[in-house]
Amino acid sequence: MISHGAVGRADVLEFTVDQPKISADVLLSAMEQAIDPMVVIDEHNLIIFFNAAAEKIWGRTREEVMGRNVSCLVPEPERDRHDSYINRNRETGIGRIVGTSREVEFRRANGEYVCGELSISRVQVSDCGKIYYIAVMKDVTEPSRQRKILVLQNDVLQALASDMSIQEVGDLLCRRVDSFVPGAVGALMLIDRSRKLSVSASPSMPKRYRAALDSMELTPEQLETLRANPAASNTVVWDGYASLARSLGLERCCSSTIISRTGQVMGVFALYLRGNDADLAWAQRVVSTSMPFCALAIEQGETRQHIAQLSNFDSLTGLLNRTSLHNIIERLIMRGGDSQFSLFMVDIDRFRDINDALGHVNADRFLIEIGRRIRHLVKDEYIVSRSGGDEFIIVVPECSHERAEKFAENLINAIAKPLQVGENTLSISCCVGISTFPANGPDSESLLSHADAATRQAKEDGRGLFRFAGQEKNQVAQDRLVLGSALRDSLSKGMLNLNYQPQVETMTGGLYGVEALSRWHHPTLGNIYPSRFIAVAEETGQIEAIGRWSLEEACSQMVKWDRDGVRVPTVAVNLSAVHFRNRGLPEHIANLLKHHGLTPDRLTVEITESVMMDSSSETEEVLHAIRRLDVGLSMDDFGTGYSSLSRLTRLPLTEIKIDRSFINDFEHDTNAQAVTMAVIGIGSRLGMTVVTEGVETEQQWRLLEELHCDVMQGYLFSRPLPPAELEKWFRERQARGSFLIPTTA
């Protein structure tokens with residue numbers, strides 16, 4: 001039983017547990033010496049017991065609290081309602097936390113926040129029916145803070161792996177730290193190349209203070225101070241603004257400079273605190289924990305921006321590239337109504353001669369000047385693109401036939417002005433092909449094809465001419481018809497074959513695998529380039545048959561090599577987007593491997609970016625089903641289109657292949673090096689193997705080695721080889737102990 005007497009007397013409580021009776025002195029002594037804080041309240045919700053451990057965690061003496069309502073110990077938001085919770089439990093036996101445990105946050109007397117694990121027991125006195133409550137509090141401040149830091153890390157890392165912008169990641173980070181540090185205002189501030197500071201993210205910062213910070217321009221001396229001493233950031237984001245901050249309720253600031261891996265000052269992360277009694281050590285710890293994520297978010301944002309720039313614009317002239325042009329044309333077409341426009345394709349006469357005579361550097365200067373002349377001629381609403389080589393394209397909206405003729409003449413005359421390149425004065429001429437929407441086709445590919453045909457016709461007729469597209473002069477359809485028929489005949493007669501290009505491990509010199517590449521030699525038409533016949537196969541519906549043949553042929557060849565002692569670890573086979581819409585593909589691959597007795601790791605399937613961007617559930621199911629077989633999945637030509645980082649993280653890829661376009665002039669192109677480094681970093685973090693295609697020089701090899709690229713593929717080591725020549729190549733390098741040997745060696 002429990003008996004009670006006057007508050008504070010030794011006989012206030014007496015417990016009986018079976019027999020014998022436990023004396024009140026023994027019980028109270030045990031509770032007093034308990035490691036965990038203990039509080040007992042009577043039937044009036046008044047504190048009648050408060051041990052030494054409770055004094056320590058609440059920062060209050062026994063004399064301060066004994067006989068007072070227990071709400072003085074309760075977190076402030078709950079104080080007004082606390083008695084009603086207790087009374088409800090007394091009356092009904094139903095309570096929110098009685099008999100359970102929960103985490104609560106409260107302030108010590110000195111204002112310091114504490115996190116405790118609270119459990120409450122209800123005790124009813126048998127002889128009088130009065131109800132007492134015993135609360136036991138355990139200090140879990142440090143474990144709670146560690147959990148919060150882990151939550152912060154997990155949430156921000158997931159955000160960084162998605163398509164969220166730096167502002168969205170910053171908002172998420174600030175909201176998290178605001179909730180972790182009571183009364184705090186988190187702020188992520190960026191410093192650009194012109195030394196201007198801007199608040200990128202701070203959901204709860206007062207507008208006046210944000211406006212003040214956004215108008216700041218740092219001096220070179222301030223930047224150097226931040227670089228040398230990151231902890232000095234308060235001198236920039238607080239000292240000069242403290243009066244304004246305090247007028248808005250912000251009393252103190254904890255901050256740190258965000259420094260890149262190369263030592264560049266990228267920004268500042270700060271926590272502004274509303275109270276003078278805030279826990280500065282915890283606030284500073286949160287700032288320190290946030291710093292790596294701020295740096296990673298900023299660097300990733302810059303990398304994405306750089307990749308987007310490279311994927312949308314021509315790096316030489318700054319004009320739109322062909323991919324961007326296609327998208328813009330499609331958007332113009334989708335506007336519907338009476339929308340019409342003309343497309344002008346400009347081709348420089350004898351550009352190859354200019355390139356050969358002046359060299360690449362001067363030829364590049366020539367193209368830059370041509371791009372400048374075209375930009376100077378066109379209006380703001382015109383679209384200008386360099387789609388490759390010496391080919392420029394201009395799209396002019398609402399362009400009548402007469403207006404198109406006038407613009408083409410002006411274009412030819414503007415480009416024809418003499419041009420000084422180095423010590424050479426060049427006389428220039430060009431031809432222009434014109435196609436119009438909707439007369440020359442329903443889509444961008446048709447319009448470009450017709451303009452190309454018109455350009456060829458202008459070249460045939462002479463120099464400095466323009467021609468309009470006409471169906472009778474367009475040879476594209478005839479080409480498709482002839483090649484499509486020949487391809488169908490060649491497939492049925494087994495006239496296609498596979499060549500294999502080795503892939504070599506950068507750091508070990510071992511053979512990583514080979515890529516299978518389709519080749520077609522027609523007895524009448526001669527050698528047909530894959531880029532040509534694959535496009536025809538896709539348009540004529542023969543691409544799926546070619547893909548299945550490639551899988552069968554590659555697996556059969558692997559078995560032959562194994563039999564002959566040529567150990568090729570894996571073969572990569574390219575498949576078109578249409579294959580991944582076929583739910584039967586995974587089963588076909590599984591049966592093929594079983595038939596040839598090959599383990600799944602011996603096969604890698606390469607997908608294009610069009611497959612990656614296909615958001616249909618059917619395509620994703622096929623990709624996941626293939627990966628469940630343990631067959632590798634490789635992202636081919638990464639970076640040439642609109643690769644989405646969020647899709648990269650959601651698809652079950654094992655490999656990324658950097659397109660050869662980034663390796664062209666890789667030794668001298670810092671943009672290409674930056675993108676390659678970014679892709680290698682992304683692949684490494686996502687646990688994917690990174691393969692770089694198109695390696696042709698030893699300098700490219702050494703640069704890729706410094707960037708820790710996993711695998712290289714290119715003419716430096718071997719061109720694509722027929723099976724017999726691949727076997728010879730294999731044995732020669734095996735005898736020399738490394739496959740990482742240039743073909744010139």
Side-chain angles (χ1 to χ4, degrees), residues 149 152 156 160 166-167 169-171 173-174 176-178 180-181 183-276 278-303 305-306 670 674:
I149 287 173
L152 177 68
V156 176
L160 288 171
I166 184 173
Q167 182 178 348
V169 174
D171 278 345
L173 178 67
C174 291
R176 285 286 182 268
V177 300
D178 287 0
F180 293 167
V181 182
V185 175
L188 173 60
M189 293 165 265
L190 305 184
I191 300 172
D192 63 21
R193 296 184 185 279
S194 61
R195 305 195 306 277
K196 290 185 179 179
L197 183 142
S198 62
V199 181
S200 174
S202 184
S204 54
M205 178 177 281
K207 291 182 179 179
R208 284 178 59 198
Y209 197 73
R210 184 169 189 152
L213 291 176
D214 276 335
S215 64
M216 187 189 310
E217 183 173 333
L218 277 66
T219 65
E221 293 74 20
Q222 285 176 311
L223 269 185
E224 184 55 39
T225 299
L226 293 178
R227 183 182 293 105
N229 181 17
S233 52
N234 266 23
T235 61
V236 172
V237 299
W238 177 255
D239 289 358
Y241 303 89
S243 298
L244 173 62
R246 291 191 174 104
S247 72
L248 298 170
L250 306 176
E251 298 295 335
R252 288 189 287 182
C253 177
C254 292
S255 68
S256 183
T257 308
I258 305 167
I259 307 289
S260 73
R261 288 173 294 179
T262 58
Q264 176 191 349
V265 176
M266 297 190 293
V268 174
F269 184 73
L271 269 184
Y272 295 92
L273 307 172
R274 289 196 172 92
N276 280 318
D279 186 345
L280 279 179
W282 169 232
Q284 192 59 55
R285 183 176 168 189
V286 170
V287 170
S288 299
T289 299
S290 303
M291 294 308 297
F293 301 111
C294 294
L296 188 58
I298 295 171
E299 288 180 337
Q300 180 172 290
E302 290 178 347
T303 300
Q305 186 177 8
H306 190 58
T670 55

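For this chain, numbers begin at 1 and follow the sequence in order.
In this structure, D171 contributes its side chain and A201 its backbone to no donor-acceptor pair below 3.5 Å. With R195 contributing its side chain and L218 its backbone, the two residues share a donor-acceptor pair below 3.5 Å.
For the atom pair M205 CE and L248 CG, the distance stands at 10.0 Å (nearest 0.5 Å). Here the CD1-CD1 distance, from I166 to I298, works out to 4.5 Å after rounding to the nearest 0.5 Å. Note: Q222 CD to T225 OG1 = 7.5 Å, rounded to the nearest 0.5 Å. For the atom pair OG (S260) and CG (L296), the distance works out to 12.5 Å, reported to the nearest 0.5 Å.
For the pair L188 and G170, the tightest heavy-atom approach, listed with the atom from each and the gap, is CD2-CA, 3.9 Å. Annotation for L271 and G186: closest pair CD2-CA, 3.7 Å, computed over non-hydrogen atoms. Between L273 and C254, the closest heavy-atom pair is CD1-SG, 4.3 Å. Minimum heavy-atom separation, V268 to S255: CG1-CB, 4.1 Å. Of all heavy-atom pairs between R261 and E299, the closest is N-OE2, 3.3 Å. Scanning both residues, A184 and R274, for their nearest heavy atoms gives O-NH1, 4.0 Å.
Between K196 and I191 there is no side-chain heavy-atom pair separated by less than 4.5 Å. Residues P206 and L250 meet the side-chain proximity criterion, which asks for heavy atoms closer than 4.5 Å. Residues R227 and T257 have side chains not in contact (no heavy-atom distance under 4.5 Å, counting atoms from C-beta outward). Taking the side chain as every heavy atom from C-beta outward, L226 and S233 approach each other to under 4.5 Å. Within the 4.5 Å cutoff, no side-chain heavy atoms of F293 are placed close to those of V169. Looking only at side-chain heavy atoms (C-beta outward), V236 and M189 stay at 4.5 Å or farther from each other. Counting only heavy atoms from C-beta outward, the side chains of C174 and F269 approach each other to under 4.5 Å. For the pair V265/I259, a side-chain contact is recorded, criterion being any heavy-atom separation below 4.5 Å from C-beta on.
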Point to revise | side chain to side chain contact (heavy atoms under 4.5 Å, CB included) evaluation trace for E251 with R246 | key: CA-CA 5 Å; E251 298 295 335; R246 291 191 174 104; 3.9 Å; yes

Review point. Yes or no on side chain to side chain contact (heavy atoms under 4.5 Å, CB included) for V185 and S202, after CA distance, side-chain angles and deciding distance?
Key: CA-CA 7 Å; V185 175; S202 184; 3.8 Å; yes

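Under the rule for a side-chain hydrogen bond (donor to acceptor under 3.5 Å, both in side chains), the partners of D192 that lie at least two apart in sequence or sit in another chain are S194.
Between W238 and Y209, the angle of the ring planes lies from 30° to 60°, which puts this pair in the tilted group.
Residue pairs that meet the side-chain hydrogen bond (donor to acceptor under 3.5 Å, both in side chains) test with at least one member in residues 282-295, sequence neighbours left out, are E142-R285.
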